[in-house]
Amino acid sequence: MRIPFHTPSLVLATGITAISMFFMSQAGCQPYGRQENPVEVGKVKWQRDYESAMAAAKKSGKPVFLLFQEVPGCAGCKQFGRDVLSDPTVVKSIEENFIPLLVHNNQPGKDAEVLAKFGEPAWNYQVVRFLDANGRDLIPRKDRVWEADELKQRMALALEKKAAGIRRVAFAQHCFWTGEMVLGGIDGVTRTEAGFLAGNEVTLVDYDPAQIALADLTRKARAAGVANRVFTSLEGYRKAPESDQKRQLQGTRYARMKLTVEQATKVNAFVRTAPEQASGFAPVE
């Protein structure tokens, strides 16, 4: 991929554009629809507000894919948008596995505030950072990642690092259908599964300790009546049949949708009791 250097005329032209934008209404933090995307940011459905993206990360358990991009940008920035951020496999992975957040590195207002928060240079080529729900880098920052293959490698590494922080516990209750529904709705829980352990129906829970401590998770589970016993050792655990998994989803429109593990967990938790909240995790387009 050829990335041309900025030329004085290009810097002048884009600089004039940025100055004019300063006096425009700062609607830049509204999310883009795919058809409205500038060429520099490809075909990803981006969020544009940092705080909202962090809240979505905490709610979903997904890491944040934070793109700092020059918009309007140079030929190299546009090429990155056309070739990399429009690659269907890249777009699909970003939208399914991350919270996509776009920050312009050449505009004032909230964009400039986030730029300063992370110490990113203005008027720079694209930089992608992968953050946990607390805004910390999952993997070290790296500049000049301009090819799809290298970006995919870094995405996989970030997901591995995120998964490495996930902890697992099992809670026994009278009915694991109820267990999956209740426990899946707790913030910080990223995955549930119905199973059996030590003669009990249990819900196997993956949780993010950066979002919720085991003691707090246990307290909430007991208060909800789905923690008759707590198992931190899972030796002898056996998964229940598929017909017993995500029972609340069965017979709903979501059962026909291709959901991620996190989406299925959250939708299963709310689809019967809070449909609007369920749709927030897996909107129907």
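The basis for the numbers below is simple: all heavy atoms, side chains too, and nothing from hydrogens, waters or symmetry mates.
When all heavy atoms of A56 and Q47 are compared, the pair lying nearest together is CB-NE2, 3.9 Å. Smallest separation of non-hydrogen atoms from P121 and N105: O-CB, 4.0 Å. Here the closest non-hydrogen pair linking R222 and A227 is CG-CB, 3.6 Å. Nearest heavy-atom pair, C77 versus E70, reported as atom, atom and distance to 0.1 Å: SG-CB, 3.8 Å. Residues F231 and A172 approach most closely at CE1-CB, 3.9 Å, considering heavy atoms. Considering every non-hydrogen atom in both Q263 and K258, the closest pair reads OE1-O, 4.4 Å.
Hydrophobic clustering keeps F118 apart from L67 (ILVMFWY residues linked when any side-chain heavy atoms are closer than 4.5 Å, directly or through intermediates). Two different hydrophobic clusters hold V64 and L138 under the rule that ILVMFWY side chains link at heavy-atom gaps under 4.5 Å. Cluster membership check: V128 shares its hydrophobic cluster with V44, using side-chain heavy-atom separations under 4.5 Å among Ile, Leu, Val, Met, Phe, Trp and Tyr. In the hydrophobic cluster analysis, where Ile, Leu, Val, Met, Phe, Trp and Tyr join through side-chain heavy atoms closer than 4.5 angstrom, F80 is grouped together with L102. Hydrophobic clustering (ILVMFWY, side-chain heavy atoms < 4.5 Å, transitive): W46 and V90 are in one cluster.
Contacts of A269 classified as side-chain contact (heavy atoms from CB on, under 4.5 Å), with partners at least two apart in sequence or in another chain: none. With sequence neighbours left out, Y207 forms a ring pair (Phe, Tyr, Trp, His ring centres under 6.0 Å) with no residue at all.
The line from CZ of R247 to CZ of R272 is 9.5 Å long, rounded to the nearest 0.5 Å. How far CD of E160 is from CD1 of I139: 10.0 Å, rounded to the nearest 0.5 Å. Taking CG of N268 as the reference point, atom CD of Q250 lies at 9.0 Å (rounded to 0.5 Å). For the atom pair OG of S279 and CZ of R253, the computed distance is 6.5 Å after rounding to the nearest 0.5 Å. Between the CZ atom of R229 and the CG atom of L197 there is a distance of 7.5 Å, given to the nearest 0.5 Å. Atom NZ of K43 sits about 12.0 Å away from atom CZ of R82, to the nearest 0.5 Å.
You'll find the side chain of K117 reaches within 4.5 Å of the side chain of Y50, heavy atoms only. Side-chain contact between D187 and I212: absent, with no pair of heavy atoms (C-beta onward) separated by less than 4.5 Å. When side chains are defined from C-beta on, V41 counts as touching V71, because their heavy atoms get closer than 4.5 Å. Inter-residue side-chain proximity for F196 and F176 is flagged as met; some heavy-atom pair is nearer than 4.5 Å. Inter-residue side-chain proximity for C74 and Y125 is flagged as met; some heavy-atom pair is nearer than 4.5 Å. Put simply, the side chain of L204 does not reach to within 4.5 Å of the side chain of T192, judged on heavy atoms. Taking the side chain as every heavy atom from C-beta outward, V271 and Y254 approach each other to under 4.5 Å. Counting heavy atoms from C-beta outward, V189 and K266 have side chains that approach closer than 4.5 Å.
Using a cut-off of 4.0 Å between Lys/Arg side-chain N and Asp/Glu carboxylate O, E150 and K152 are scored as not salt-bridged. Taking 4.0 Å as the cut-off between side-chain N and carboxylate O, R48 and D111 count as a salt-bridged pair. Remark: E180 engages K246 in a salt bridge, criterion side-chain N to carboxylate O under 4.0 Å. Salt-bridge annotation for K110 and D49: present, with a side-chain N of the basic residue lying under 4.0 Å from a carboxylate O of the acidic one. Ion pairing between a basic and an acidic side chain is recognised when a charged N comes within 4.0 Å of a carboxylate O; D132 and K161 show no such pairing. Salt-bridge formation is detected for the pair E120/R141: a Lys NZ or Arg NE/NH1/NH2 atom is positioned less than 4.0 Å from an Asp or Glu carboxylate oxygen.
S86 contributes no side-chain N or O that, together with a main-chain N or O of D83, makes up a donor-acceptor pair within less than 3.5 Å. Side-chain N or O atoms of D206 include none that pairs as donor or acceptor with a backbone N or O of R191 at under 3.5 Å. R144 places no side-chain N or O within donor-acceptor distance of the main-chain N or O of K142, the cut-off being under 3.5 Å. Looking at T252, its side chain does come within 3.5 Å of a backbone N or O of L249 through a donor-acceptor pair. Looking at D137, its side chain never comes within 3.5 Å of a backbone N or O of L131 through a donor-acceptor pair.
For K62, the NZ atom sits in a packed shell: over 12 heavy atoms of surrounding residues, nucleotides or ligands are nearer than 6.0 Å.
Side chains of Q126 and Q69: a donor-acceptor N/O pair is present below 3.5 angstrom, by distance only. W177 and D244 form a side-chain donor-acceptor contact under 3.5 Å, judged by distance and modelled atom types alone. Counted by atom type alone, E193 and Y237 present one or more donor-acceptor pairs between their side chains at under 3.5 Å. With hydrogens and angles left out, the side-chain atoms of Q173 and T203 include a donor and acceptor closer than 3.5 Å.
Tested against I94 for a side chain to side chain contact (heavy atoms under 4.5 Å, CB included), the candidates D87, L85, I99, T89 yield a single pass: L85. D208 pairs in a salt bridge (charged side-chain N to carboxylate O under 4.0 Å, His left out) with only one of the listed residues (K58, K162, K59), which is K162.
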As a quick check of understanding, evaluate side-chain contact (heavy atoms from CB on, under 4.5 Å) for V261 and T190, giving each step before the final call. CA-CA 8 Å; V261 171; T190 62; over 6 Å; no
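Relative orientation of the F65 and F130 rings is perpendicular, given thresholds of 30° and 60° on the angle between their planes.
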